[in-house]
**Student:** 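Once you've had a glance at the structure underneath, I'll fire off some questions.
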Amino acid sequence: MAQENIYTDPATKSMEELVALCKRRGFVFPASEIYGGINGFWDYGPLGTALKNNIRDWWWRQMVECPPIGPDGEPVEIVGLDSSIIQNPKTWEASGHVGGFSDPMVDCTETKKRYRQDHIEVLIVDDKGCWGFPENNIDYIAKKLKKANVSRDDGTVKNLTDIDTSEYEKIIAPDTDKPGTLTAPREFNLMFDSHAGAIKSDENKVYLRPETAQGIFLNYKNIVDTMRVKMPFGIAQVGKSFRNEVTPRNFIFRSREFEQMEMEWFCAPAESAKWYDFWKHERMRWWESLGVDKANLRFRDHDDDELAHYSKMCVDVEYKYPFTAPGYGELEGVAHRGCFDLTQHQEHSKTKMEYFDQAAQLAAKEAGKSKEEIAAASKYIPNVIEPASGLTRAVLVLLCEAYTPDPDRPAGVYMKFKPKFAPIKAAIFPLVNKDGMPEIATKLYHELRQKYVVQYDAKQSIGKRYARMDEAGTPFCFTIDGDTLNDNAVTVRDRDSGQALAERLPLDQVDAFLAAKIAE
RNA sequence: GCGGGUGUAGCUCAGUGGUAGAGCGUCACGUUGCCAACGUGAAUGUCGUGAGUUCGAAUCUCAUCACCCGCUCCA
């Protein structure tokens with residue numbers, strides 16, 4: 001029989017079996033399966049939807065309704081938002097999603113670096129070679145040129161877009177020493193597009209959002225103007241995003257339609273490092289609150305060269321998925337976005353994003369700062385710290401984490417969800433269908449269903465009913481037996497031990513028992 | 001995007017050219033005394049999809065789709 005709290009290494013779990021269980025028990029189905037499915041899309045079944053909603057509600061509770069206590073001992077302020085999936089397409093030009101990723105890119109097969117084709121210039125020196133370098137920055141390859149004993153004046157400079165791909169084999173890429181490592185230019189745009197209106201034309205082309213974050217930036221000014229928020233504060237949003245991934249893989253880990261839980265934390269630039277650190281650790285605490293084993297979670301700081309165009313600092317919270325073990329895979333990114341997004345939207349929309357910080361002004365005045373210093377401290381475009389996690393990845397993590405093989409059980413496996421997140425909180429069974437047991441069980445069921453997701457089942461043998469609940473991850477089964485008629489108490493069958501609790505539970509305490517377990 | 005593998009009932013699979021199968025699960029009825037019990041009965045398939053070869057295709061050929069593994073990719 002399984003022991004409680006045994007550490008089950010994800011590496012020992014089979015994704016194939018987990019996917020099978022998810023389908024068998026109604027957690028996750030392949031999308032449009034009757035037509036052969038569609039790559040990169042998944043449907044959430046009854047139990048999967050419940051699990052997803054439970055995680056989402058907990059995130060919302062912990063981020064918006066009851067956010068954490070800040071470093072100064074006061075609760076931080078975060079408001080909620082639900083922005084549109086389709087926005088004015090200029091949004092994506094400002095954010096860099098169109099400009100940056102619809103342009104052809106070239107890869108360096110040697111260093112694995114990727115460059116925008118039109119951002120590379122090439123110095124061509126007849127007979128000596130061709131050197132690629134970042135646009136307007138020939139100093140970047142000064143050492144290489146010196147070594148080759150050539151100077152800028154020895155040759156001509158051309159943009160890479162003006163060079164035929166057949167000539168690429170002669171080019172030495174910016175970060176290598178040997179020629180011919182650049183691939184032909186390829187289009188990379190991960191955004192799905194569509195058309196708003198009946199007529200398909202370039203004028204009414206729109207995009208499905210590739211992240212929920214931009215919807216928050218677009219509403220930053222609305223929130224500041226209407227919600228009486230003061231810096232620092234956050235805006236949180238949960239919703240679907242769409243990315244036309246090259247290779248959807250690993251069940252729901254990388255899908256083309258997915259759900260994000262993002263919060264943008266706006267703060268004074270001078271305080272951004274403090275908040276970055278705060279949110280980094282708060283987010284890890286949240287993941288642990290889901291019941292995820294600490295041994296399966298870790299931080300991974302991004303190296304400078306893998307930072308996205310908007311980011312100053314970025315750390316991933318990673319989980320040891322069965323398909324990455326013994327390595328880890330991304331779960332949530334906490335990014336320091338600086339003032340990139342608001343500045344971009346200010347420039348493109350001509351809407352002022354500056355914030356007047358009266359508290360900072362007062363503090364600077366009291367500190368006897370100069371006029372210039374006071375002005376700088378009190379008026380600024382806020383910096384943004386962004387904890388961005390995947391809700392559908394959270395579902396995957398809980399599925400992986402809960403999946404617990406146990407050869408001693410009839411099902412061979414049970415789903416060890418924390419009661420708070422379990423799709424079904426409890427099941428109510430009459431041991432047999434006679435002697436008044438169904439009547440008592442039905443009464444208990446009707447009471448409990450008012451407050452909890454519970455199931456009543458009187459069919460088939462008691463063992464079979466327990467086994468079904470094991471696979472659904474239902475933490476408790478209340479069984480009405482012959483003794484109930486005398487002692488007004490039920491047997492509590494505990495999922496994790498696979499056995500009945502030693503103490504019988506009085507009927508009038510079942511509600512309180514469940515409430516306490518779910519609150520844990 | 002490249003290479004390899006897989007696809008038959010809800011699940012696991014058998015079926016190498018001649019009527020579509022088994023076990024488990026599911027459902028109904030009976031029975032029941034705590035971990036997939038037992039008896040009786042029932043439902044469930046465009047054999048992933050589409051073409052082709054053939055008198056006849058789950059089976060042979062081609063294409064295509066989905067999933068898995070390894071590369072690649074993942075702002």
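Letters A, B, ... mirror the listed sequences (proteins, then strands); counts begin at 1.
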**Student:** Whole Å only: how far is the CZ atom of Arg465(A) from the P atom of U26(B)?
**Tutor:**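 Atom-to-atom, Arg465(A) to U26(B), this comes out as 12 Å.
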**Student:** Roughly how many Å apart are A57(B) and G50(B), using the C1' atom of each and rounding to a whole number?
**Tutor:**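 Between the two C1' atoms, the distance is 14 Å.
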**Student:** Counting Watson-Crick and G-U wobble pairs only, both distances under 3.5 Å, name the nucleotide matched with G56(B), or none.
**Tutor:**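 Checking every strand shown, G56(B) finds no partner, since no pair has both distances under 3.5 Å.
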**Student:** Please report the distance separating the C1' of U8(B) from the corresponding atom of U16(B), rounded so that it comes out in whole Å.
**Tutor:**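 The same atom, C1', in both gives a distance of 15 Å.
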**Student:** Figure out the CG/P separation between Asp435(A) and G33(B), and round it to whole Å.
**Tutor:**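 In whole Å, G33(B) P lies 12 Å from Asp435(A) CG.
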**Student:** Return the nucleotide paired to C73(B): Watson-Crick means purine N1 to pyrimidine N3 with N6-O4 or O6-N4, wobble means G-U with N1-O2 and O6-N3, both under 3.5 Å.
**Tutor:**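 The base-pairing partner of C73(B), which may sit in any strand shown, does not exist here.
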**Student:** Expressed in whole Å, how much space separates the P atoms belonging to G23(B) and A43(B)?
**Tutor:**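 It comes out at 15 Å once rounded to the nearest Å.
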**Student:** In whole Å, measure the gap between the C1' atoms of A36(B) and U26(B) for me.
**Tutor:**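 Those two atoms are separated by 13 Å.
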**Student:** Which residue, Arg256(A) or Arg243(A), contacts RNA chain B at a nucleotide closer to its 5' end, judged by nearest heavy atom?
**Tutor:**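 Final value for this comparison: Arg256(A).
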**Student:** Nearest to the Ser461(A) side chain among A36(B), C34(B), A37(B), which nucleotide is it?
**Tutor:**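 Looking only at heavy atoms from C-beta outward on Ser461(A), the closest nucleotide is A37(B).
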**Student:** Compare side-chain N and O positions of Asn250(A) against OP1 and OP2 of C69(B) and report whether any pair is under 4.0 Å apart.
**Tutor:**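 Yes, such a contact exists.
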**Student:** Expressed in whole Å, how much space separates the P atoms belonging to C65(B) and G10(B)?
**Tutor:**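 Approximately 25 Å lies between the P atom of C65(B) and that of G10(B).
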**Student:** Between Asn39(A) and C65(B), does any side-chain N or O lie under 4.0 Å from OP1 or OP2?
**Tutor:**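 It does not, given that no N or O in the side chain of Asn39(A) lies less than 4.0 Å from OP1 or OP2 of C65(B).
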**Student:** Kindly point out which of G33(B), C67(B), A75(B) is positioned nearest to the side chain of His97(A)?
**Tutor:**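 Ranking G33(B), C67(B), A75(B) by closest atom to the His97(A) side chain puts A75(B) first.
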**Student:** Using the C1' atom as the reference point in each nucleotide, state the distance between U64(B) and C71(B) in Å, no decimals.
**Tutor:**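 Their C1' atoms lie roughly 24 Å apart.
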**Student:** Checking side chain to side chain donor-acceptor pair (under 3.5 Å) against Gln214(A), which of His345(A), Gln344(A), Arg209(A), Glu264(A) comes through?
**Tutor:**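 Among the candidates, only His345(A) passes.
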**Student:** Output the rounded distance in Å from CD1 (Ile480(A)) to C1' (C34(B)).
**Tutor:**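 Spelled out: CD1 on Ile480(A) to C1' on C34(B) is 13 Å.
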**Student:** Write down the partner of A22(B) under the Watson-Crick or G-U wobble criteria, each distance required to be under 3.5 Å.
**Tutor:**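 Across all strands, the one nucleotide that pairs with A22(B) is U12(B).
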**Student:** Identify the two heavy atoms, one from Tyr44(A) and one from Val395(A), that lie closest to each other, and give their separation to 0.1 Å.
**Tutor:**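 Result for this residue pair: CE2-CG1, 4.1 Å.
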**Student:** Give a yes or no on whether the backbone of Glu318(A) and the side-chain of Asp316(A) come within a donor-acceptor separation of less than 3.5 Å.
**Tutor:**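 Here the side-chain-to-backbone pair does not exist.
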**Student:** Taking only the side-chain heavy atoms of Lys464(A) (C-beta and beyond), determine which of C67(B), A36(B), U32(B) contains the nearest atom.
**Tutor:**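 Closest nucleotide to the Lys464(A) side chain: A36(B).
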**Student:** Only pairs with both distances under 3.5 Å count, Watson-Crick or wobble alike; so what is the partner of C35(B) in this structure?
**Tutor:**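 With both distances under 3.5 Å required, C35(B) matches none.
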**Student:** Mind checking whether Phe417(A) and Phe27(A) have parallel, tilted or perpendicular rings, split at 30° and 60°?
**Tutor:**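 Taking Phe27(A) first and then Phe417(A), their aromatic rings sit tilted (interplane angle of 30° to 60°).
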**Student:** Has the side chain of Arg25(A) got a donor or acceptor atom sitting under 3.5 Å from an opposite partner on the base of G10(B)?
**Tutor:**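 Counting by modelled atom types and ignoring angles, no donor-acceptor contact under 3.5 Å is found here.
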**Student:** Can you tell me the distance, in whole Å, between the CD atom of Glu33(A) and the C1' atom of G45(B)?
**Tutor:**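 So the two atoms are 14 Å apart, to the nearest Å.
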**Student:** Which nucleotide in the set C34(B), A36(B), A75(B) lies at the smallest distance from any side-chain heavy atom of Thr491(A)?
**Tutor:**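 The nucleotide sitting nearest to the side chain is C34(B).
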**Student:** Between C67(B), U32(B), C69(B), which nucleotide gets closest to the side-chain atoms of Val432(A)?
**Tutor:**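 Shortest atom-to-atom distance from the side chain points to U32(B).
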**Student:** For Phe323(A) together with Phe251(A), are the ring centres under 6.0 Å from each other?
**Tutor:**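 When the ring centroids of Phe251(A) and Phe323(A) are compared, they turn out to be at least 6.0 Å apart.
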**Student:** Examine U32(B): is either OP1 or OP2 under 4.0 Å from a nitrogen or oxygen in the side chain of Gln460(A)? Give yes or no.
**Tutor:**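 Checking Gln460(A) against U32(B): no side-chain N or O falls below 4.0 Å of OP1 or OP2.
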**Student:** Mind calculating the distance between CG (Asp481(A)) and C1' (C35(B)) to the nearest angstrom?
**Tutor:**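 In whole Å, C35(B) C1' and Asp481(A) CG are 14 Å from each other.
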**Student:** Atom CD of Glu17(A) and atom P of C69(B): how far apart are they, to the nearest Å?
**Tutor:**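 Result: 13 Å.
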**Student:** Rounded to whole Å, how long is the line connecting atom CG of Asn486(A) with atom C1' of G33(B)?
**Tutor:**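 It works out to 14 Å between those atoms.
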**Student:** Scan Met469(A) against the nucleic acid and name what it touches under 4.0 Å (heavy atoms): base, sugar-phosphate only, or nothing.
**Tutor:**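 Here Met469(A) touches no strand at all.
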**Student:** Looking only at the side chain of Arg468(A) (C-beta and beyond, no hydrogens), which of the listed nucleotides C67(B), A75(B), C27(B) gets closest?
**Tutor:**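 It is C27(B).
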**Student:** Parallel, tilted or perpendicular: which describes the rings of Phe476(A) and Phe478(A), with under 30° parallel and over 60° perpendicular?
**Tutor:**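 Ring orientation of Phe476(A) relative to Phe478(A): parallel.
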**Student:** Suppose you measure atom P in U59(B) against the same atom in G48(B); what distance do you get, rounded to whole Å?
**Tutor:**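 The same atom, P, in both gives a distance of 8 Å.
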**Student:** Can you check the Met15(A) CE to C69(B) P distance for me, whole Å?
**Tutor:**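 Distance check: Met15(A) CE to C69(B) P gives 8 Å.
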**Student:** Mind checking Gly329(A) for me? I need base, sugar-phosphate or nothing, with any heavy atom below 4.0 Å counting as a touch.
**Tutor:**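 No contact at all - Gly329(A) keeps every heavy atom at 4.0 Å or more from the nucleic acid.
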**Student:** Report the base-pairing partner of G41(B) (Watson-Crick or G-U wobble, both distances below 3.5 angstrom), or none.
**Tutor:**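 G41(B) is paired, partner C27(B).
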**Student:** Tell which nucleotide pairs with U64(B), taking only Watson-Crick or G-U wobble pairs whose two distances are both under 3.5 angstrom.
**Tutor:**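 Matched U64(B) with G48(B) under the 3.5 Å cut-off.
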**Student:** Provide the distance between the two P atoms, one in A22(B) and one in A9(B), to the nearest whole Å.
**Tutor:**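 Here A22(B) and A9(B) have their P atoms 14 Å from each other.
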**Student:** Counting only N and O atoms by type, is there a donor-acceptor contact under 3.5 Å from the side chain of Arg465(A) to the main-chain atoms of Asp457(A)?
**Tutor:**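 Yes.
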**Student:** Base, sugar-phosphate or nothing for Asp470(A)? Non-hydrogen atoms, less than 4.0 Å.
**Tutor:**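 Result for Asp470(A) = nothing.
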**Student:** Is a donor from one side chain sitting under 3.5 angstrom from an acceptor on the other, for Ser241(A) and Gln260(A)?
**Tutor:**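 Side chains of Ser241(A) and Gln260(A): pair found under 3.5 Å.
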**Student:** Side chain of Lys459(A): nearest nucleotide among A36(B), C29(B), C2(B)?
**Tutor:**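 Looking only at heavy atoms from C-beta outward on Lys459(A), the closest nucleotide is C29(B).
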**Student:** Identify which nucleotide among A36(B), G70(B), G33(B) has an atom closest to any side-chain atom of Glu471(A), counting heavy atoms from C-beta outward.
**Tutor:**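 So the nucleotide nearest the side chain must be A36(B).
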**Student:** Quick one: which of C11(B), C71(B), G33(B) gets closest to the side chain of Lys23(A)?
**Tutor:**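 The listed nucleotide nearest to Lys23(A)'s side chain is C11(B).
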**Student:** Does Phe253(A) or Gly482(A) map to a spot on RNA chain B nearer the 5' end, using the closest nucleotide for each?
**Tutor:**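 Closest to the 5' end, via its nearest nucleotide, is Gly482(A).
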**Student:** Taking atom types as they are modelled, is there a donor-acceptor pair under 3.5 Å from the base of C35(B) to the side chain of Arg493(A)?
**Tutor:**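 Pair found.
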**Student:** Among C34(B), C69(B), A36(B), find the nucleotide with the atom closest to the side chain of Ile462(A).
**Tutor:**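 Of the candidates, C34(B) comes closest.
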**Student:** Indicate whether any N or O donor in one side chain lies under 3.5 Å from an N or O acceptor in the other, for Tyr452(A) and Asp511(A).
**Tutor:**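 Yes, Asp511(A) and Tyr452(A) have a side-chain donor paired with an acceptor closer than 3.5 Å.
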